[in-house]
Every structure is written in C-alpha cells, then in structure tokens.
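Below is one structure, written out as structure tokens, with a few remarks after it.
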Amino acid sequence: MSAIRAAVFSPSNQWHEKIQTHFPTHPNRSINNANPNLQSNRRNPFPCFSVDASKSPNPATPLTATTPPLVVVGSANADIYVEIDRLPKEGETISAKSGQTLAGGKGANQAACGGKLSYPTYFVGQVGEDAHGKLITEALKSGGVCLDRLSAVSGAPTGHAVVMLQSDGQNSIIIVGGSNMECWPERISDEDLEVVRNAGIVLLQREIPESVNVQVAKAAKSAGVPVILDAGGMDTPISRELLNFVDILSPNETELGRLTGMPTESFEQISNAVVKLHKMGVKQVLVKLGDKGSALFVDGEEPLKQPVIPAAKVLDTTGAGDTFTASFAVALVEGKSKRECLRFAAAAASLCVQVKGAIPSMPERKSVLNLLQSP
C-alpha cells in the first residue's frame, strides 16, 4: 500500500542498536520531568525529548525532521497482579500466592515498547489524578516515552485491570476503563492531531472510545500516515468508518473469530476469516497466533508466516501481544521488509514472556538484536 511505503524512511537493511541522529535545540519545548503531576492543558506538539538519560536505560531519542515518531493513542492501566495456581470456580474463594500493582494498559504497553526499543515515541492518553496515574507516568518516563500529550483528568480514576496469573504463565484479565473511557473531549485537540499527522506510524487499540480512534485514524489517513489497529480491547464489532482509515488490523485468533463470526482453530480457517476482513476493506491483517507464531495477510498475496521464537521459560504472557504489535510497527517505520518486521516482533515477544509484568517485561533493542543474531 502506498501509505505503508510512505513510512519507509531508512534505506538501510541492517538493524541498528541505537537510532543515531543529531537534534536541534528547542529551549521552550521540553518535558517537565521535575514535576510528576501532569498538566491538563496540553501544549507544544513537538517538544524536545528530555528524559534524564542517567535514570533511563534507554534514553529517549529527540524528534527531528528525519525521525518521524511512533505515536500511540490509547489506554493506560494500573495492572493489579494476583498469582494463583488456578482460576476459582463459581462461588469459590482461593488464596493468591502473591500480588502487586504494575503499570500497564494496551496503549501504555505499546508506547513503552517503542521507547525501550530506542525509537522516538509519543503517548496520547489519559490517567486520573491519583496514585495509579503517577505509577504509569513514572513507568513511561523511565522507558523514554514522550508524555507531553498525556493528560491527567479529575473526573475519573486511572483505568485499572485485575490480572489473574496462573502458574503456567497464562492469564485472565478484567478491565475497569476509568479515565481510558471517560472524560475524553468530544473533539480531539488540534495539538494532539498535529502530532498524529506528523507521525511515522500510528498505533491504536480498542480500550478507549471508538470515536477517539476514528478521529485519530482519519487525521493520520489525511496526512498519509499508516495506522495499525490492535483489535484487543472491546469485544464489540469495529465500525466500517474506523476500518476505512486502518492500514493494518492486528487481532489474535480469538479476536479474529469474534470479529468475523468464523472459526479460527486451524490456519485454513484463519485464512478464510481473513478473507472476510479483506472483503470489508482491510487490505492487511497481522494475526497473532500465540505459541503458533504469527502471520501477515496482504490482500492478493501469499501470507507470510513467522514461527514463534522459543522462550527459555514462559513466566507471564501479559503484554506479549502488545510487544509484538509495537515491535512490528517500529521495524516497519524503520524501513525493514515485512518478513524482517515479523522476525523482529517475534524476538521481542519471546523476550517479553520471560519477565513478569507488562511494561517491566518490554525488551530493550540490544536484547532483541542479540536474540536475532543467536544461532
């Protein structure tokens, strides 16, 4: 697609451990890292990234004319983890082995992944004026994400999720939308949309109102910026209006089945379900298949299959899909081939499942490259 080709900025076919760029100084455009409380009046759509490199293992890369950023618009949650041997039965009470609260949410996860991969990343979203909001803010800052477009709202608490993590690494999640679903302006600000129009690629998910996604995707499309929509989140149908502005739709096999009303237990069934999405106007479908890998379906072409890159030990699958989608987006905007994008994303996801937590498990670029280069 022309929109995707427009996102290819790097002529190199080699992976880079760091994005090497030189940055102009903008004295009035910086993130106020001294104040952990976010300002509700957003300004300066293109600040210089000023995360304290001494406190971050992956210093943020400032935005330049030659480095169009990854812009993630979406949700931010406080993930309340409980480790259990099994899920409780109806009416049953069981004891958890441990519990903790970590930063997460599909949007924040994907933004953190972009930041940890050393690619300039903006996050557009909302948190509440509470302790959970501060937790998420600090986690994203430490990952090198630009938070100039993140708002703290007083009308709703920060979204949160209860993550029931079983001993085999599988999880079940219950989400409370909070500020992810409430207090959004009826019309997205021009400052936020200007960031979107100047992105290299835009990532969306379904844990914020669809009206927000439609406005963002429409703005991106008008500027020739490719849009990837992660199908995770709400289990309602995706509107045709939103699909018209999406370049790549990325469901897992369960979400694919729900969206199409078709079985997705075999690759043949998955392929048939994807054909239905193609007929709905979605030209590219990136399907996450868990331990069976992934596949990219481009209308009119043979699908590209990517097997899973085995993990030494699966501790927690939370955030693995978000890591895969964001890593794919980063590789794509850096000019890698579709097959290389799939491999890069598979390596990142393999590293993710070996660490507990969502944002804490997002891998650094060096680790991904080392895994790709290992025999």
Report yes or no: do [X] and [Y] form a side-chain donor-acceptor pair below 3.5 Å?
X    : Y    : result
D79  : T101 : no
N272 : E268 : no
S75  : R206 : no

Salt bridge present between D230 and K288 (N-O < 4.0 angstrom):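 Yes, D230 and K288 are salt-bridged.
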Between E83 and K356, is there a side-chain N and carboxylate O pair less than 4.0 Å apart?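 Counted as a salt bridge, because a side-chain N and a carboxylate O are separated by less than 4.0 Å.
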D85/K97 under side-chain contact (heavy atoms from CB on, under 4.5 Å): CA gap, chis, key distance, verdict: CA-CA 8 Å; D85 289 324; K97 293 185 289 185; 3.2 Å; yes
With hydrophobic residues grouped by side-chain heavy-atom distances under 4.5 Å, do [X] and [Y] end up in a single group?
X    : Y    : result
F344 : L70  : yes
L204 : I175 : no
V333 : V298 : yes
V212 : L242 : yes
M362 : L117 : no

Quick one: [atom1] on [X] to [atom2] on [Y], what's the gap to the nearest 0.5 Å?
X    : Y    : atom1 : atom2 : answer
Y122 : L140 : OH    : CG    : 14.5 Å
E253 : L289 : CD    : CG    : 5.5 Å
N109 : N77  : CG    : CG    : 8.5 Å
Q215 : S189 : CD    : OG    : 10.0 Å
K116 : T121 : NZ    : OG1   : 12.5 Å
K305 : L296 : NZ    : CG    : 13.0 Å

Check whether any side-chain N or O of [X] sits under 3.5 Å from a backbone N or O of [Y] as a donor-acceptor pair, and report yes or no.
X    : Y    : answer
T325 : G321 : yes
N198 : E194 : yes
E340 : S337 : yes
E255 : N252 : yes
Q126 : E182 : yes
S327 : F324 : no
S250 : L286 : yes
S350 : A347 : no

Would you mind listing every side-chain hydrogen bond (donor to acceptor under 3.5 Å, both in side chains) that reaches into residues 158-167, with sequence neighbours excluded?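 Those involving residues 158-167 are D130-T158.
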Side-chain heavy atoms of [X] within contact of [Y], under 4.5 Å:
X    : Y    : answer
Q269 : M262 : no
L243 : E241 : no
L102 : L135 : no
I201 : I228 : yes
V82  : L165 : no
T260 : M280 : no
V355 : D316 : no
V314 : Q354 : no

Do T317 and N171 pass the side-chain contact (heavy atoms from CB on, under 4.5 Å) test, and can you show the C-alpha distance, the side-chain angles, and the key distance before you say yes or no? CA-CA 7 Å; T317 58; N171 60 63; 2.9 Å; yes
If I compare all heavy atoms of [X] with all of [Y], which pair ends up nearest, and what's the gap?
X    : Y    : answer
L342 : S294 : CD2-OG, 3.8 Å
V225 : A199 : CG2-O, 3.5 Å
A103 : P360 : O-CD, 4.3 Å
V353 : A320 : CG1-CB, 3.6 Å
G128 : A152 : O-CB, 4.5 Å
V216 : L193 : CA-CD2, 4.3 Å

Would you please test D190 and R197 for salt bridge (Lys or Arg N to Asp or Glu O under 4.0 Å) and show each step? CA-CA 10 Å; D190 290 338; R197 295 186 191 101; 5.3 Å; no
Starting from the C-alpha separation in whole Å, work towards a yes-or-no answer on side-chain contact (heavy atoms from CB on, under 4.5 Å) for V72 and Q205. CA-CA 9 Å; V72 181; Q205 322 81 38; 3.5 Å; yes
Sequence neighbours excluded, which residues qualify as salt bridge (Lys or Arg N to Asp or Glu O under 4.0 Å) partners of K218?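 Residues passing salt bridge (Lys or Arg N to Asp or Glu O under 4.0 Å) with K218: none at all.
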Please name all residues satisfying ring-ring contact (aromatic ring centres under 6.0 Å, His included) with F297, sequence neighbours left out, ordered by chain then number.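 By the ring-ring contact (aromatic ring centres under 6.0 Å, His included) rule, F297 matches F267.
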Might you work through the side chain to side chain donor-acceptor pair (under 3.5 Å) test for E207 and N180, ending with a clear yes or no? CA-CA 7 Å; E207 291 181 346; N180 294 316; 5.5 Å; no
Suppose we screen for side chain to side chain donor-acceptor pair (under 3.5 Å). Which residues come up paired with S239, at least two apart in sequence or across chains?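 Only E210 meet the side chain to side chain donor-acceptor pair (under 3.5 Å) criterion with S239.
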Applying side chain to side chain donor-acceptor pair (under 3.5 Å), can you list everything that pairs with R86, at least two apart in sequence or on another chain?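 Residues passing side chain to side chain donor-acceptor pair (under 3.5 Å) with R86: E92.
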Derivation of the side-chain contact (heavy atoms from CB on, under 4.5 Å) call for V246 and K221: CA-CA 8 Å; V246 170; K221 192 77 168 182; over 6 Å; no
State whether the number of non-hydrogen atoms from other residues, nucleotides or ligands found under 6.0 Å of K89 atom NZ is greater than 12.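 Result for NZ/K89: open.
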Restricting to side chain to side chain contact (heavy atoms under 4.5 Å, CB included), what partner residues turn up for D299, sequence neighbours left out?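 Per chain and number, D299 pairs via side chain to side chain contact (heavy atoms under 4.5 Å, CB included) with H278, K283.
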Working note: K134 + E129, criterion salt bridge (Lys or Arg N to Asp or Glu O under 4.0 Å); need CA distance, chi angles, decisive distance, verdict. CA-CA 8 Å; K134 292 179 181 179; E129 295 178 339; over 6 Å; no
Give the C-alpha distance, both sets of side-chain angles, the deciding distance and a yes or no for salt bridge (Lys or Arg N to Asp or Glu O under 4.0 Å) between R365 and E334. CA-CA 13 Å; R365 177 179 288 261; E334 288 180 350; 2.5 Å; yes
